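Here's the structure we're looking at; comments come further down.
What you are looking at is a predicted structure, and each value in this text was computed from that prediction instead of being measured. Counting convention: from 1, in listed order, for ligands and their atoms alike.
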Amino acid sequence: MGHSTNLFKKAQTIIPGGVNSPVRAFKGVGGTPFFIKSGNGPYLIDLDNKQYIDYVCSWGPLILGHAHPTVIAALNKTIPQGLGYGAPTEIEVEMAELITQLIPSIKKVRMVNSGTEATQSAIRLARGFTGRNKILKFQGCYHGHSDSLLVKSGSGLLTFSIPDSLGVPAEFTQHTLVAPFNDIQAVQRIFAQFGEEIAAIIVEPIAGNMNCIPPLADFLPNLRSICDQYKSLLIFDEVITGFRVSLHGAQSLYNVIPDLTCLGKIIGGGLPVGAFGGRQDIMEYLAPLGPVYQAGTLSGNPIALTAGLATLQVLQQSPQVYQDLAKATQYFLEELKVVANQYSIPLHTQSVGSMFGIFFTQKNSIHNYDQVACCNLENFKQFFHGLLNQGIYIAPSAFEVGFISTAHSQSVLDQTLEAAKRIFFQMNGYDTSATSALLEVDTLSAE
Ligand code: KE4
């Protein structure tokens with residue numbers, strides 16, 4: 001029995017589900033999670049010293065791969081000076097300066113410790129600024145686990161939401177309205193009915209929590225104009241997309257300017273950091289200036305910001321990095337489709353920059369949650385475990401995105417494609433005993 005299996009048994013006796021975040025427990029794919037000992041570049045090493053090519057990248061933060069030398073060097077320099085003070089530090093100003101420079105719609109920014117805190121605070125701020133209570137979110141978008149956002153679309157009447165978790169009183173979600181992602185008509189209908197009560201729309205500009213779903217061309221621009229029409233605020237949850245798809249956020253790709261932006265993941269470089277920011281007149285409603293309270297003991301922690309700032313500076317100093325990441329991702333997905341096609345496996349892929357989605361479906365475009373839910377989830381599970389058995393780790397859920405980092409070289413991508421070929425060969429019902437023959441052929445051709 002491997003170390004991971006033994007430790008998972010022990011972990012389950014003292015940590016709920018054996019994990020500190022549910023998705024890590026492999027419930028979406030079955031099986032037992034492996035425990036990580038270390039990471040370097042595109043690789044994870046587990047407690048049994050097995051190496052995996054990692055396409056989860058800590059769920060997005062590690063755009064430079066694991067333990068990037070520049071980030072580690074910055075931490076080694078900062079840590080000996082002290083770990084945190086609960087008082088202003090220079091690096092907080094440096095980080096704020098860089099964020100406001102790179103994302104011009106953010107005139108002022110407040111650091112927090114997670115994406116959940118960022119979106120929760122942004123919503124409170126939007127409600128305080130507008131004096132309205134309702135918010136509109138989209139089915140399949142995830143903005144962290146604050147009460148008013150843990151909703152699922154009301155059965156039938158999609159508009160009204162019901163709590164999606166025990167422990168959330170219905171009163172806490174009664175002001176949360178839900179529409180299908182990419183459905184502007186639904187948004188217009190909701191605003192026609194509730195527009196004057198809606199404080200804000202919160203949206204992932206590129207949905208990354210129901211696999212990878214880019215916005216349709218009219219979606220984001222129309223959200224902007226509807227918010228303007230009804231004097232509601234537009235909040236972009238760029239916790240995943242911020243600095244992932246562009247050095248200036250998804251808002252620069254689609255040229256739609258939100259009133260508030262939430263950030264996380266990459267701005268922490270792998271350490272716990274979130275942030276929210278936007279229009280100066282809105283941000284100045286925040287304590288200690290204004291009447292909207294928000295706080296955090298470790299907000300702006302200098303060690304966490306050191307990792308985030310170092311990461312952003314590497315990205316800023318590599319102007320080609322986003323084109324290179326997009327090119328590598330396109331190469332990988334195109335080749336994956338060729339291989340799936342060779343074995344008649346219905347597979348569709350979608351990506352923006354280096355965030356990508358793999359869908360087992362005959363469809364050639366996926367625009368919302370319901371369409372994701374109709375994909376072949378059994379094939380996904382088989383694909384997940386087939387890759388894992390060959391030392392390749394993708395997100396343990398058909399509703400998450402994959403990430404490619406600057407450390408994912410062509411040979412790393414090609415190794416993954418070879419592994420996928422073996423799985424598609426088996427998935428197509430080919431005699432698995434023949435697989436060894438295929439492997440031998442591969443080995444011979446590789447020599
Ligand atoms: P955290 O509170 O987990 O740092 O961030 C919440 C959040 C907010 N907004 C978006 C767009 C997010 O994707 C997230 C969290 N992402 C998930 C995975 N897609 C985190 C993984 C987990 O829950 O363990």
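Side chain of K231 to main chain of D228: no donor-acceptor pair is present (N/O by atom type, distance under 3.5 Å, no hydrogens or angles).
Side-chain contact check for Y85 versus P302: some heavy-atom pair is nearer than 4.5 Å.
Test F34, F403, Y55 against Y393 for ring pair (Phe, Tyr, Trp, His ring centres under 6.0 Å) and you get one pass: F34.
Annotation: ligand 1 has protein neighbours S21, V23, W59, S114, G115, T116, Y142, H143, G144, E204, N209, D237, V239, I240, K265, E400, each with a heavy atom less than 4.0 angstrom from the ligand.
Partners of D259 by salt bridge (charged side-chain N to carboxylate O under 4.0 Å, His left out), not counting sequence neighbours, listed by chain and number: R224, R279.
Looking only at atom types and distance, the side chain of E284 has a donor-acceptor partner in the side chain of Q280 under 3.5 Å away.
Taking every heavy atom of both residues into account, A419 and Q390 meet most closely at O-NE2, 3.1 Å.
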